[in-house]
Structures are given as C-alpha cells and as structure tokens.
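Per chain, numbering begins at 1; letters A, B, ... match sequence-line order. Given the structure is predicted, the values throughout are model-derived calculations rather than measurements.
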2 protein chains.
Amino acid sequence: MSDHRNGLRRSSINLSDAIIPGLCAGCEARHIGLCDALADEDLHFLASVAKSHTVPKGRMFVAEGDKARHFFNINRGTAKLFKDLPDGRRQITGFVGAGDFVGLAAADHYAFTAEAINEVRLCRFDRTELRSVFTTFPALERRLLDVASHELILAQEQMLLLGRKSAIERLASFLLGWSDRAEICPNGAQALALPMTRADLGDYLGLTFETVSRALSALKRQNIVEVGKDHGVRILDRDRLSAFATSRS
Amino acid sequence: MSDHRNGLRRSSINLSDAIIPGLCAGCEARHIGLCDALADEDLHFLASVAKSHTVPKGRMFVAEGDKARHFFNINRGTAKLFKDLPDGRRQITGFVGAGDFVGLAAADHYAFTAEAINEVRLCRFDRTELRSVFTTFPALERRLLDVASHELILAQEQMLLLGRKSAIERLASFLLGWSDRAEICPNGAQALALPMTRADLGDYLGLTFETVSRALSALKRQNIVEVGKDHGVRILDRDRLSAFATSRS
DNA sequence: CGCATACTTGAGCGAAATCAAGGCCTGTGG
DNA sequence: CCACAGGCCTTGATTTCGCTCAAGTATGCG
C-alpha cells in the first residue's frame, strides 16, 4: 500500500542491526527495495563500509557548501533538506524518512542543508568508498540511478506546485503525497503524523506559516481533514482533497 | 569555459555526423564530456543503438504520461520541458540545449512534456537497449548518475527560486544561469540569445509574461542589461545583477 | 506557576495577477 | 507597393491572494 504511487520502493540499510533495522512490522515491508537488488553477501560487504549514527532532534548533519564526503540512508525518523538565502528566507526541498537516501544532490560540495526534525537514525557511507563499491556491485549503481530519476520526477512535481498552485492546492497536494509515503506504523486508524512544524510546512510549500494554518483551517472547516492535538492529520474525504490538489478554487 | 560553474560539463552524442556533431567551434568544446568517459570503440557501439532526428520548431517530441520508450541527447537547438495542470496553467521545469539529456526524469512513463523552441537536432536511444549498454559500458551509467545528481542540484536551486524569490530576483537568477550555460556560438560580443518567448520565461519562473516584461524593463532602466531587437540580451553589470539574484530589493 | 514555543485568527497592505490598450514586427495577399 | 492580420511584447489600471503585523490561545516544560 503506499508506495505503488511513487513507482519506486524505498530501501533502507542498517548495518549495526544486521541489515534490516528493527522497525515495526509496517515499515519493514518498505525496506526490501535495496535488498531485492543485492545478494546477502553483497549486503554484508556494504555493511563494512557504512557506519550507523543517531542524530538528535534539531541537529544539522549536512551543511550546504561543505565538502560532500558522505552519503546517507535514513533508517528511522524524519529530516528536512533545505536551502537558505542570505536574508533568512528558506526553501525546504524535501522531507526524508526511513528508507530515503540523502546526498544524491551533491557534486563536490553539498547543495543543501539537512537537519533532523525528530531523532533520526541513519547509515553513513563514505562517498569515495561507495564509488569503489559500485564497480563491485553494479546493481547498487543501477538502483541509485533509479532513485535519482524518481527524485527528479518529484522535484518537477514540486516545481509545478511552487510555481503555479494556490495555497490550498499546495497544502492539498502535500497532504496527499505525504499520506502516500507515510509511515503507517504507530497510528491506529490511518491518521498521518506531521512531525514538522507549520513553519517547516510553509518553507516547503513556499508559503508563510500563517497561510499554511489558514489553509489547513479551511480544509478542517469543510470536513475534508481532521487534525488531532498530537499533530496527527486524518484525511476524511480523499476525493475532495484530490480535487483541491489540481483544480483552481 | 562557461561550464565550470555548473560543475559538470555537458556532453553530446551525434552518430549520423560521426560522434561529434558539426557545430561551431565554441560549442564543440562542450561536447567532449561523454567522450572523455568512453573509448572510441565504445562510442561507435553506442552509435549502433541511437538514431538521429530533427524536430521542427514548435513540435512536441515527448508527451507527459506516454510510455517512456526513449532517451534523448540534444545536439543542436533548444527545447522546453514542462508540466501542465488541467486548467491550462503550465510550469516549465527546464530548458535544454546542445549536450543535454532528456528523459532522466521518467519511470515507466514520462513525467513531463518536451517541445522544440526552435529546430532541434537530437539523438534518440531506446531505453531498454540503453539498459543493456550499461552492463557493457559501466562508465556510461556512472556518467548518467553524475548528470542526474547535477540535475537534482539545479532542481533544488529552482525550488528556492520558485518558492522564495521575488519577480526581479527570479529574472536576475535566470539571466545569470542562462549566461553560464549559453551557447557562445554566433554572438559577437557576448550577448545571449533568448530563443524562448516571454510567456515561456513566465512559465519557467512562475510568473506571468507581463511581470517578466516589467522586470526586464526595470533591469533595462537601471542599465543592468540591454535588450536587442533580435531577442538578444547583453549583461552590462554582472555584479549588480548578481546582487539582485539573491538579496531582497 | 510562569515562560517559551507552536499555533490560530483577524486587519490591512503590497507584489504580482488580471484586465485592457496599444506598439512593433513579420508574413501574406491584394 | 500598401493593407491587414496575428504574434509577441510593453505599459497602464485595477484586483486579489498571500504576506505582514498584531493579538490571543493552547501546549509543554522548567
């Protein structure tokens, strides 16, 4: 459920916990993407070039402009990737969660900053070592090219959102996309967790946090979504939400 | 020169014209990227799986939603890649020129439409054949991963532009970026050709064509750029243009 | 309990969209 | 040759959506 829309399953490597991280059952299902492509012995080899880390909430673990030494795979938690302008304006280019890769959009230096929204567990690879791994396991490179292609598709979708959609359309599009890629783990009846603040949402959608709040209130008022006090959102009317996501007014 | 800012040289394959297309001297220099990575015999093998085509001005050659059978490399001319909303709003996600690849942002189906702005000459590969070429020439796959990474960097930069920059900042950013990747071919004293219309520019920058026109007039009024009647633009004060590109007001 | 942070809601403003008019260039046909 | 039509572009007038500023509520933590 959940990933068929993306057209690409996400995959996660965790090597301290013997390849598949100890996540809840719902998430585990989504972590087989990379394992599919590689034999067990390959995965164990990969394990030897990666290090597991825990990033506390609010801590930055990639800084725009820094030399791009590492490449990451998220095991647990959520992080935001963003770019800042000198005067403080910020554009979040994506939220990443379990199974996502971080560091593809980098040449010599990182083109973005990454910061943990809540506690994040991740695997860190050395980029130079990764290069040599590619020659041994071409399947990994193939897979990363697929991942990059998929991220390009998402990026273009986001450009359409930022360049041409109204505030309500942006929020509706986000909620639908987020629900598609959501952790279905701890929630009882399919409420989505929104670990990011309204300000983060604004920085992602090219809006102010006030406008995000107003748009969400508008959706609540029309009984399209329901918001719990634990920052959980429940989509009550997916059809009308979809209508908002693409059509004017 | 010109491509050091991008951090990645663009490469072009043309097989009807024996690998390097018959372009002017200035452009030829930028077409060696892929050739660097491959031996002559590899290039000749590649030639056997590609077909050269000419796309007339205004003709669409990739349609969003179509099965993604092909992969393209532009030899000459300029095309726009875009996504449309049902009500006609359009977001151009990029302009591509000689040396650029088209079709990376595709899974099973194209996620965008591509249309020639002027007459375009391109090389067409079959995606399935390309896959098998990868196993024979891993250098090609490595290179495509680099290209995809680079496009992700550009996409994130564009998200920052669309989400957070003012009209004048958007135009200034575009002019600087365009001048970096410009064909330095036929122009005498470094005027850039703008083959796209104001409407295209608006669709790329998330603005209306009127706003683009006004912003350009503002830059003219301040003697920062000069616009010829051949749609050529000359940057008179690159420093002040750069200042506009990042700072407010 | 007090303070900080996150969120909501309202009022007024402003940048860009929309609506509208006119200019310039190219091609076409009388 | 001129007349005219249709793009493309510029500029002005008005509207509007989202931003800014401001006040107030809720939640969580020392």
Side-chain angles (χ1 to χ4, degrees), chain A residues 56-58 80 85 87-92 115 117-118 161-174 193-222 225-233 244 247-249, chain B residues 57-58 80 85 87-91 115 117-118 161-174 193-222 225-233 244 247-249:
Chain A
K57 172 175 176 171
K80 55 186 176 190
L85 285 172
D87 64 356
R89 284 173 286 171
R90 168 170 297 182
Q91 181 63 40
I92 293 180
E115 187 180 309
I117 285 178
N118 42 34
L161 181 149
L162 292 170
R164 290 306 185 202
K165 290 188 181 178
S166 70
I168 264 237
E169 289 169 337
R170 294 181 199 206
L171 183 64
S173 302
F174 165 77
L194 290 187
M196 70 291 288
T197 65
R198 298 283 185 272
D200 285 339
L201 236 29
D203 286 338
Y204 181 60
L205 300 174
L207 302 168
T208 59
F209 66 89
E210 294 100 324
T211 301
V212 172
S213 184
R214 276 186 255 270
L216 196 54
S217 295
L219 291 178
K220 279 190 282 190
R221 220 174 302 122
Q222 300 185 251
V225 303
E226 194 177 62
V227 181
K229 45 183 49 183
D230 56 338
H231 274 208
V233 168
F244 267 119
S247 314
R248 172 80 69 181
S249 142
Chain B
K57 173 177 176 169
K80 56 186 175 190
L85 285 172
D87 64 356
R89 283 174 286 171
R90 169 170 297 181
Q91 181 63 40
E115 188 180 307
I117 285 178
N118 42 34
L161 181 149
L162 292 170
R164 290 306 185 202
K165 290 188 181 177
S166 70
I168 261 229
E169 290 169 335
R170 294 181 199 205
L171 184 63
S173 303
F174 165 77
L194 289 187
M196 70 292 286
T197 65
R198 298 283 185 272
D200 286 339
L201 236 29
D203 286 338
Y204 181 59
L205 300 174
L207 302 168
T208 59
F209 66 89
E210 294 100 324
T211 301
V212 172
S213 184
R214 274 186 255 269
L216 195 55
S217 295
L219 291 177
K220 280 189 283 188
R221 220 175 300 123
Q222 301 184 249
V225 303
E226 194 177 63
V227 182
K229 46 183 47 182
D230 57 337
H231 274 209
V233 167
F244 267 120
S247 315
R248 171 79 69 181
S249 143

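- Rounded to an integer number of Å, the gap from A/Leu162 CG to D/dG18 C1' is 14 Å.
- Contact annotation: A/Ser213 side-chain N/O to C/dT8 OP1/OP2 distance is under 4.0 Å.
- Rounded to whole Å, atom C1' of D/dC8 lies 14 Å from atom CG of B/Leu194.
- Projected onto DNA chain D by closest heavy-atom contact, A/Ala167 and A/Glu210 fall at different nucleotides, the more 5' of which corresponds to A/Ala167.
- Here the P atom of nucleotide D/dT16 and the CD1 atom of A/Ile168 are 18 Å apart, to the nearest Å.
- Atom CZ in B/Arg214 sits roughly 9 Å away from atom P in D/dG12 (whole-Å rounding).
- Not one side-chain nitrogen or oxygen of B/His231 sits closer than 4.0 Å to the OP1 or OP2 atom of D/dC8.
- In the interface, the side chain of B/Arg221 is not paired with the base of D/dT10 through any donor and acceptor atom under 3.5 Å apart.
- When the side-chain nitrogen and oxygen atoms of B/Ser217 are compared with OP1 and OP2 of D/dT11, one or more of them lie within a distance under 4.0 Å.
- Atom CZ of A/Arg164 and atom C1' of C/dA16 are 11 Å apart (whole Å).
- DNA chain C is contacted by A/Thr197, A/Arg198 of residues 195-208 of chain A, taking any non-hydrogen atom closer than 4.0 Å.
- Between atom CE of residue A/Met196 and atom CG of residue A/Asp203 there is a gap of 11.5 Å, rounded to the nearest 0.5 Å.
- Residue B/Arg89 comes nearest to A/Arg164 through the heavy atom pair NH1-O, 2.9 Å, listed as atom of the first residue, atom of the second, then distance.
- In this structure, B/Arg90 atom CZ and C/dA17 atom P are separated by 17 Å, rounded to whole Å.
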Donor-acceptor contacts under 3.5 Å from residues 211-222 of chain B side chains, at least two apart:
{"unit_1": "B/Thr211", "atom_1": "OG1", "unit_2": "B/Thr208", "atom_2": "OG1", "d": "3.0"}
{"unit_1": "B/Ser217", "atom_1": "OG", "unit_2": "B/Ser213", "atom_2": "O", "d": "3.0"}

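- Considering only heavy atoms from C-beta on, A/Arg170 comes within 4.5 Å of A/Leu207 through its side chain.
- Residue B/Leu194 holds its CG atom at 6.5 Å from CG of B/Leu201, rounded to the nearest 0.5 Å.
- Contact annotation: side chain of A/Arg170 to base of D/dG18, donor-acceptor pair absent below 3.5 Å.
- Smallest separation of non-hydrogen atoms from A/Lys165 and A/Ser173: NZ-OG, 3.0 Å.
- Rounded to whole Å, the distance from CG on A/Asn118 to P on C/dA6 is 14 Å.
- Summarising the geometry, the separation between CZ on A/Phe209 and P on D/dA23 is reported as 15 Å, rounded to the nearest angstrom.
- When each of D/dG18, C/dT8, D/dT10 is scored by its nearest atom to the side-chain atoms of B/Lys220, the top-ranked nucleotide is D/dT10.
- Side-chain atoms of B/Glu226 never come within 3.5 Å of backbone atoms of B/Val233 as a donor-acceptor pair (strictly under, hydrogens ignored).
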